[in-house]
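Report on one structure; see the data block that follows.
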Protein chains: 2
Amino acid sequence: MLAAERHDHLLGLLAREGKIVAKDVAAELGISEDSVRRDLRDLASEGLCQRVYGGALPVSPAVVGYAARQTVAPDGKRKVASLAAGLVRPGGALILDGGTTALAVARALPQNLACTVITHSPTIAAALLDHPQTELFLLGGRIFKHSAVACGAAAVEAAQNVSADLCLLGVTGVHPEVGLTTGDAEEAAMKRALAARAADTYILASSEKLGTASQFRVLPWEKISGLITDADPHDAVVERLTARGVEILTTG
Amino acid sequence: MLAAERHDHLLGLLAREGKIVAKDVAAELGISEDSVRRDLRDLASEGLCQRVYGGALPVSPAVVGYAARQTVAPDGKRKVASLAAGLVRPGGALILDGGTTALAVARALPQNLACTVITHSPTIAAALLDHPQTELFLLGGRIFKHSAVACGAAAVEAAQNVSADLCLLGVTGVHPEVGLTTGDAEEAAMKRALAARAADTYILASSEKLGTASQFRVLPWEKISGLITDADPHDAVVERLTARGVEILTTG
DNA sequence: AAGATACATGCAGAAACGTGCAAGAACAGG
DNA sequence: CCTGTTCTTGCACGTTTCTGCATGTATCTT
């Protein structure tokens, strides 16, 4: 790992997550905390970050405000994400939904994975800009602030022109009888359009979503290849889904 | 293995992986690290790569350095940006190009401005997510890593379906005779498509770009409403543009 | 106030660097 | 075909830079 590469990594981290914890980065990159501190000192001297006790923050408070909402993914979500990232085959095409779980998946993709990622989320697209081998295709349309993704007629139409091996969808509710649901009709339609363009569709759902349902149905279970979750395999909802023939991938 | 062959290999590696580690390449090609270093020195002297301790990085590190470029908004660029932001009328529609200057404009837009922003840059879209009153429309397509915007046939086609009062374009070169230029053909085509959909098109150009030209022409001066720059009004290039009838907005 | 954590500094080993040099290949001219 | 020149390449050397550890100090937390 080159020093300059570390610097870029740190700046990327800063932009994406809004903060740097020296200890974590050292563990993540397998280098000493001293090196991280030295790097941060260098960056700070160039005005590229603001040094604080324990790590660093972006220089511009505006960035912080934005990044604050994109808090670091909780442990369960991260596990789900890395499990899902493992499904992506080199050379394959992946349709990636918006939302925090999908963002965690994007971050979990290996830096040098050569694949095509199709998304309607500008946030996810921005997060994947530093993956040199990844071909990115953005589905345009009106941006729904609520979820920060492109939805609506234009986006659905754009989705008709792509196809992929795998589609990873986040949802709000996962219920054995009701199916998969979300809180916005446009979003639901968009997710349907995405799922229709992939050979396989997997659902990303951390355990707290199991057994709940929202207002708008996305898809019935028949259209789904499987569910990726961090719930216990013996969870009541999980067992009912298994009985229904849904493949369950758990982090356990 | 010929020297020129090695050079090609190195540039390819740089493009594919975003970095070169001298030691690894030496082992891979079965040549000494000294030769690799010499090659890298040559490439760097031609401006084809950026030498760093341990290897080399792309010279225009769209991939790696993008985050860095985002954080630093030099004073001149910020002034240009806030001047441009002042052109946006409440209730109006704005087509905003990609690039660092355009990003600075996005950041300079008042938090509560009620307007529509159309862009082909996921980065800009992400930056405007926290403007509650701003309607966002994203133009999709293949993402060009070099500039981090959607370009190509799909993006140009998507642009045909929008229209706006104002278009703000960033360019690489601003030359009285040659016109407005940029370094990539696809980008140039996309900028043309954007400009064609707006009633008025203004160019964003910090002073160091004045009098320079790149490979691909974007638009002739006739199609441009004006130039927004931080250059001195008595600058030689500025005066020649004024003589040509181009409206100049300066921060002075 | 005390323990824990993060920090700066100095230091030593390791890695990368530049330079000079010699062996070899490619080439031009006789 | 031979010879001298030039260019390239790898090695050796001394120098610079980086990195992790140890030390003592500063800062945070409880």
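You'll find the side chain of A:Leu180 reaches within 4.5 Å of the side chain of A:Val174, heavy atoms only. When side chains are defined from C-beta on, A:Cys115 does not count as touching A:Leu94, because their heavy atoms never get closer than 4.5 Å.
Checking the phosphate oxygens (OP1, OP2) of D:dT9, no side-chain nitrogen or oxygen of B:Ser32 falls inside 4.0 Å.
Rounded to whole Å, the distance from CD1 on A:Ile31 to C1' on D:dC21 is 15 Å. Summarising the geometry, the separation between CZ on B:Arg51 and C1' on D:dT17 is reported as 13 Å, rounded to the nearest angstrom. Between A:Glu33 atom CD and D:dG20 atom C1' the separation is 12 Å, expressed in whole Å. Atom CG in B:Leu40 sits roughly 13 Å away from atom P in D:dT9 (whole-Å rounding). Atom CZ in B:Arg6 sits roughly 7 Å away from atom P in D:dG10 (whole-Å rounding). The nearest whole Å value for the distance from the CG atom in A:Asp34 to the P atom in D:dT25 is 18 Å.
A:Val52 comes within 4.0 angstrom of the backbone, heavy atoms only, and of no base.
When the nucleotides D:dA22, D:dT19, C:dT19 are ranked by their closest atom to the side chain of B:Arg41, C:dT19 comes out on top. Comparing D:dT19, D:dG20, D:dG10 by their closest approach to the side chain of B:Arg38 singles out D:dG10. Out of D:dG10, C:dC17, C:dC7, the shortest distance to the side chain of B:Ala22 is found at C:dC17. Checking D:dC21, C:dA6, C:dG18 against the side-chain heavy atoms of B:Arg37 singles out C:dG18 as nearest.
In this structure, the helix from C:dA1-D:dT30 to C:dG30-D:dC1 shows an angle of 40° between the axis at its start and the axis at its end, each fitted on 5 base pairs and rounded to 10°.
In this structure, CG in A:Asp97 is found 7.0 Å from SG in A:Cys167, a value given to the nearest 0.5 Å.
Mapping A:Tyr53 and A:Ala3 onto DNA chain D by nearest heavy atom places A:Ala3 closer to the 5' end of the strand.
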